[in-house]
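Beneath this line is the structure, given in structure tokens, with notes to follow.
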Amino acid sequence: MHVRRVELRQIANPLLHPFETSLGRTTERHIILVRVEDDDGVEGWGECVADEDPYYSEEWTESAWAILDRFLAPLLVHAPFDRAENVNAMFAHIRGNRMAKAAIETACWDLEARKRDMPLWRLLGGTRAEVTSGVSIGLQSSIDALLEKIDRELAAGYQRIKIKIKPKHDLELVKAVRQRFPRIKLMVDANSAYRIEDAAMLRALDAFDLTMIEQPLANEDLADHARLQKQIATPICLDESIRSSADAKFAIELGACRIINIKLGRVGGHTEARRVEKVCRENSVPVWSGGMLEAGIGRAHNIALSTLAGFTLPGDVSASARYWAEDIIDPPVTVTNRGTIVPPGGPGIGFRVNRDGIEALTTRSKTIEA
Ligand code: OSB
Ligand code: MG
């Protein structure tokens, strides 16, 4: 395969509801989309999950745009490849910048699947005809608002509820939610807001039968996560800390987690995500797909990835309508009343990309050609 043209586009898309975590508040997404086109005119689409600021990760919209424009796209148009599986290796000498790499790498996977006229999820080796879906609910203005939101998501069928916590907005929230919903699959995500000195508070969460606590401590602190896991019964799930299969292997060996959240952007694309899934499966560590408030293209890639055998827990991949008045794919992602998503049967990501809709949201674009 040879990609003769890479189109970068940035879109501005307001969220229907602001999303708040211990890291900050997001009201509008600025998302980079990547379209690759090969010598036969076949296209592939990817989406960059970098945030508008460097808080979740050091990457952000501007850094990702620069890396894609200056390094990744020029490299790709000058280097034919046999399989999308090998694109990741072409970028190996560029350090980090995994979200930028994933945006263009996942586009190449979509391209290969379309060329082979098969669904991307099949090309990836997926085996699930249905993936289970949960929701991530941001910090709310009050406990009542939170309870009401949870009520609505459960009524829609979602299989698991994740709530965000931060210091002083933790035990009380969890207690209220558990009291109101004694039986639901419930978990919390701290986005690195705590320190090992908070172990006693985190141990107090053991009383509420949480399926896991996600990323309680600093992203670079695997050692303290291992110490914490010894002191609490609730399984720790790592998000920010896991950037590669090597990270996953090390974290598991250390005992720093019992579950891993895989995000395509955080690990650099489908090839590395599959490696993380494999390491976890071989070590009996369940995985699930995280979310980054994606528009439809990123969402479609997450769905395809979630069909791999190791994805045994509900992910943060939910319906387009929870985020957008109108998504950039057709049809939008929908969730069954059983709280599942059925991966599409068409070639590639399996959703039609709405080019007119994208055009209307575009704030900048650039084409890189061979
Ligand atoms: O930590 O999982 C996270 C969103 C942006 C950045 C980090 C995270 C999240 C979410 C939202 O939790 C998941 C989603 O609904 O896409
Ligand atoms: Mg998280």
Side-chain angles (χ1 to χ4, degrees), residues 13 15-31 47-61 64 98-99 102 131-140 146 149-150 152-153 156 158-166 186-194 210-219 225 235-243 247 251 257 259-267 287-303 305-306 313-324 327 332-333 335 339 341:
N13 213 181
L15 285 167
L16 281 176
H17 311 282
F19 190 79
E20 186 171 334
T21 74
S22 62
L23 304 166
R25 185 179 170 91
T26 308
T27 53
E28 183 173 70
R29 296 293 334 278
H30 294 258
I31 297 172
E47 176 177 327
C48 184
V49 301
D51 280 338
E52 294 69 31
D53 39 49
Y55 305 155
Y56 168 85
S57 136
E58 49 271 80
E59 285 188 271
W60 64 303
T61 322
R98 292 178 176 86
M99 293 177 177
V131 307
T132 55
S133 182
V135 290
S136 172
I137 300 178
L139 291 159
Q140 302 294 313
L146 176 63
K149 212 149 197 184
I150 294 173
R152 217 170 320 133
E153 305 294 11
Y158 287 105
Q159 296 197 11
R160 164 290 256 156
I161 300 291
K162 155 169 147 184
I163 64 170
K164 295 286 184 175
I165 57 169
K166 66 176 182 181
L186 179 66
M187 61 172 289
V188 294
D189 186 358
N191 288 108
S192 306
Y194 297 95
L210 301 178
T211 54
M212 69 196 86
I213 173 166
E214 183 177 344
Q215 197 70 43
L217 311 178
N219 61 324
H225 277 104
I236 291 176
C237 169
L238 289 176
D239 173 355
E240 284 91 322
S241 292
I242 306 297
R243 299 155 306 172
D247 281 351
C257 65
I259 298 173
I260 287 178
N261 155 337
I262 301 183
K263 288 179 180 168
L264 277 168
R266 209 191 55 227
V267 304
V287 303
W288 51 280
S289 171
M292 292 288 285
L293 311 175
E294 287 91 347
I297 293 167
R299 207 162 288 279
H301 278 289
N302 289 343
I303 294 167
L305 179 69
S306 302
L313 295 169
D316 274 351
V317 187
S318 56
S320 300
R322 293 188 63 248
Y323 305 83
W324 316 110
D327 205 343
V333 172
V335 172
I341 298 173

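Each ligand, and each atom within it, is numbered from 1 in the order the structure gives. The model shown is predicted, which means the values in this text are computed figures rather than measured ones.
- Within the listing of ligand 1, atoms 1 (O), 3 (C) sit less than 4.0 angstrom from a heavy atom of Asn191.
- Among protein atoms, those of element N, O or S found less than 2.8 Å away from the Mg ion (ligand 2) are Asp189 OD2, Glu214 OE2, Asp239 OD2.
- No side-chain donor-acceptor contact under 3.5 Å links Thr132 to the backbone of Gly339.
- Tyr323 places a side-chain heavy atom less than 4.5 Å from the side chain of Arg299.
- Residue contacts with ligand 1 for Val135 are absent, since no atom lies close enough (heavy atoms, distance under 4.0 Å).
- Close approach to Tyr56 involves these atoms of ligand 1, each under 4.0 Å from a residue heavy atom: 7 (C).
- Glu214 pairs with exactly one of Asn191, Leu238, Asp189 by the side chain to side chain contact (heavy atoms under 4.5 Å, CB included) rule, that one being Asp189.
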Before you tell me yes or no, could you show the steps for Glu20 and Lys164 under side-chain contact (heavy atoms from CB on, under 4.5 Å), namely the whole-Å CA-CA distance, both residues' side-chain angles and the distance that decides it to 0.1 Å? CA-CA 8 Å; Glu20 186 171 334; Lys164 295 286 184 175; over 6 Å; no
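- Between Phe19 and ligand 1, no N or O atom pair is found at a separation short of 3.5 Å.
- With a 4.0 Å cut-off on non-hydrogen atoms, Lys263 touches ligand 1 through its side chain and not its backbone.
- A cation-pi contact, defined as under 6.0 Å to the ring centre and within 45° of the axis, is absent between Arg29 and Trp324.
- Taking a cut-off of under 4.0 Å to the non-hydrogen atoms of Glu214, the atoms of ligand 1 that pass are 2 (O).
- For Asp189, every heavy-atom contact with ligand 1 shorter than 4.0 Å involves the side chain, none the backbone.
- Under 4.0 Å from ligand 1, the heavy atoms of Lys164 that appear belong solely to its side chain.
- Atoms of ligand 1 lying under 4.0 Å from at least one heavy atom of Tyr323, given by number and element, are 14 (C), 15 (O), 16 (O).
- For the pair Lys162 and ligand 1, the shortest N or O to N or O distance falls below 3.5 Å.
- The part of Asp239 lying near ligand 1 is the side chain, judged by heavy-atom distances below 4.0 Å.
- Counting only heavy atoms from C-beta outward, the side chains of Leu186 and Arg160 never approach each other to under 4.5 Å.
- For the residue pair Thr26 / Glu52, no side-chain donor-acceptor distance below 3.5 Å is found, with atom types taken as modelled.
- Take Asp239 and apply the salt bridge (charged side-chain N to carboxylate O under 4.0 Å, His left out) test, not counting sequence neighbours, and it matches Lys263, Arg266.
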